[in-house]
Each structure stands twice: as C-alpha cells, then as structure tokens.
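Read through the structure below, which is laid out as structure tokens, and then see the notes.
Because the structure is a prediction, the values reported are computed rather than measured. Nothing fancy with the numbering, it's 1 onward along the sequence.
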Amino acid sequence: QVELVESGGGSVQAGGSLRLSCAASRYTYCMGWFRQAPGKEREGVAAIDSDGTKEYVDSVKGRFTISRDNAKSILYLQMNSLEPGDTAMYYCAATNVGYSGSWWYIRWREISTYNYWGQGTQVTVSS
C-alpha cells in the first residue's frame, strides 16, 4: 500500500502561482494530478510515466509543469497564470506498475489507471 499526501493548495488571485506537492510513502511508477470542481467529474490535469514523459490536458499546457523527485518520492505541480476555471480540489494519484508509450498516452487521464489516491488539496482562484 502507498500513502499519498498532497500539500500546497490555497487561495490566489487570477494570474498568480501555486506549487502543489505530493509526498509518497515509497517509490511509485507513474504519477498524475487530477482535479475536481463542484458538480463536475474528476479530470486528469497532468501525469508523468515511468520513463519521465509528461502529459498535460490542453487547458493547462504552457501554464502548468509536472515534475518529480524520485529520490524523495515527491511529485510536484507548478501552476502559473492561474485562472478562475482552475478552481478545484486537486488530487495526486499513482500506479503500482510501470507504463509508457502509446498505452499510457491513451490511458493517463482515466481514473481507473491509478491504484492509489491522496485526499486532495483545495485550489481557489479568484478573479
């Protein structure tokens, strides 16, 4: 079992920045960030596979950057130029096997791909 603990959420004005962190209790293979706004489905925001390849949903490309420190088992999400539409609970997720290539490219945004989930950290962006 892997425990994931998110931190770094908060309230900012539009155009501001936040950096989310996700500390894992041990190494995991692929990791991702999801978000869920009130009344909406949980959506994949960004992910990184076993080879270090990064994927982003179109709405955050150029604004968000995902990275990981494998030595410390920490996943990050640097969020710049935040918009009110980014307001949501942000969740960290991880897999217990390694994926890469075309399969990962198709499946990284699917909730069922991930085996472990954190409790979430709230991000609120005001206009």
* Step-by-step side chain to side chain contact (heavy atoms under 4.5 Å, CB included) determination, Tyr76 to Asp69 -> CA-CA 8 Å; Tyr76 300 100; Asp69 183 332; 4.2 Å; yes
* Taking only residues two or more places apart in sequence, or in another chain, which ones meet Lys61 in a salt bridge (charged side-chain N to carboxylate O under 4.0 Å, His left out)? -> Asp58
* Step through the shown structure and confirm whether more than 12 heavy atoms of other residues, nucleotides or ligands are within 6.0 Å of CD on Glu110. => yes
* List the steps, then state whether side chain to side chain contact (heavy atoms under 4.5 Å, CB included) holds for Tyr56 with Ile66. => CA-CA 9 Å; Tyr56 299 93; Ile66 189 171; 3.5 Å; yes
* Asked: Got a donor-acceptor contact below 3.5 angstrom from the Thr113 side chain to the Arg107 backbone?
  -> yes
* Nearest-0.5 Å distance that lies between atom CE in Met89 and atom NZ in Lys40 -> 15.5 Å
Donor-acceptor pairs under 3.5 Å, side chain of residues 77-85 to any protein atom, not counting sequence neighbours: which ones?
{"unit_1": "Gln78", "atom_1": "NE2", "unit_2": "Asn80", "atom_2": "OD1", "d": "2.9"}
{"unit_1": "Asn80", "atom_1": "OD1", "unit_2": "Ser17", "atom_2": "OG", "d": "2.9"}

* To do: Taking Asn96 for its side chain and Asn115 for its backbone only, find out whether a donor-acceptor pair lies under 3.5 Å.
  => no
* Would you say Val57 and Arg109 make side-chain contact, with heavy atoms under 4.5 Å? -> yes
* Asked: Are Val5 and Ile74 joined in one hydrophobic group, where the rule is that I, L, V, M, F, W and Y side chains link up if heavy atoms are under 4.5 Å apart?
  -> no
* Asked: Can you list the residues that meet the ring pair (Phe, Tyr, Trp, His ring centres under 6.0 Å) rule with Tyr105, with sequence neighbours excluded?
  -> none
* To do: Give the minimum heavy-atom separation between Arg68 and Thr28, together with the two atoms involved.
  => NH2-O, 2.7 Å
* **Pairing residues for Cys22 by the disulfide bond (SG atoms under 2.5 Å apart) criterion, not counting sequence neighbours** => Cys92
Residues 43-50 side chain polar contacts: donor-acceptor under 3.5 Å, at least two apart:
{"unit_1": "Glu43", "atom_1": "OE2", "unit_2": "Arg35", "atom_2": "NE", "d": "2.7"}
{"unit_1": "Glu43", "atom_1": "OE2", "unit_2": "Arg35", "atom_2": "NH2", "d": "3.1"}
{"unit_1": "Asp49", "atom_1": "OD1", "unit_2": "Asp51", "atom_2": "N", "d": "2.9"}
{"unit_1": "Asp49", "atom_1": "OD1", "unit_2": "Gly52", "atom_2": "N", "d": "2.9"}
{"unit_1": "Asp49", "atom_1": "OD1", "unit_2": "Thr53", "atom_2": "N", "d": "2.8"}
{"unit_1": "Ser50", "atom_1": "OG", "unit_2": "Tyr99", "atom_2": "N", "d": "3.2"}
{"unit_1": "Ser50", "atom_1": "OG", "unit_2": "Tyr99", "atom_2": "O", "d": "3.4"}

* Could you state the interatomic distance from CZ (Arg26) to OH (Tyr116), rounded to the nearest 0.5 Å? -> 5.0 Å
* Value rounded to 0.5 Å, distance of CG in Leu75 from CG in Asn70 -> 10.0 Å
* Starting at CD of Gln36, measure out to CD of Gln122 and round the result to the nearest 0.5 Å. => 11.0 Å
* Structure fact -> Closest non-hydrogen contact found for Leu4 with Ala94 is CD1-N, 3.9 Å
* Asked: How long is the gap from CZ on Arg19 to OG1 on Thr65, to the nearest 0.5 Å?
  -> 11.5 Å
* Is any side-chain heavy atom of Glu6 closer than 4.5 Å to a side-chain heavy atom of Tyr90? -> no
* If you look only at pairs with a residue in residues 29-54, which of them pass as a ring pair (Phe, Tyr, Trp, His ring centres under 6.0 Å), with sequence neighbours excluded? -> Tyr27-Tyr29, Phe34-Tyr114, Phe34-Trp117
* Side-chain (Thr87) to main-chain (Val125) donor-acceptor, under 3.5 angstrom -> yes
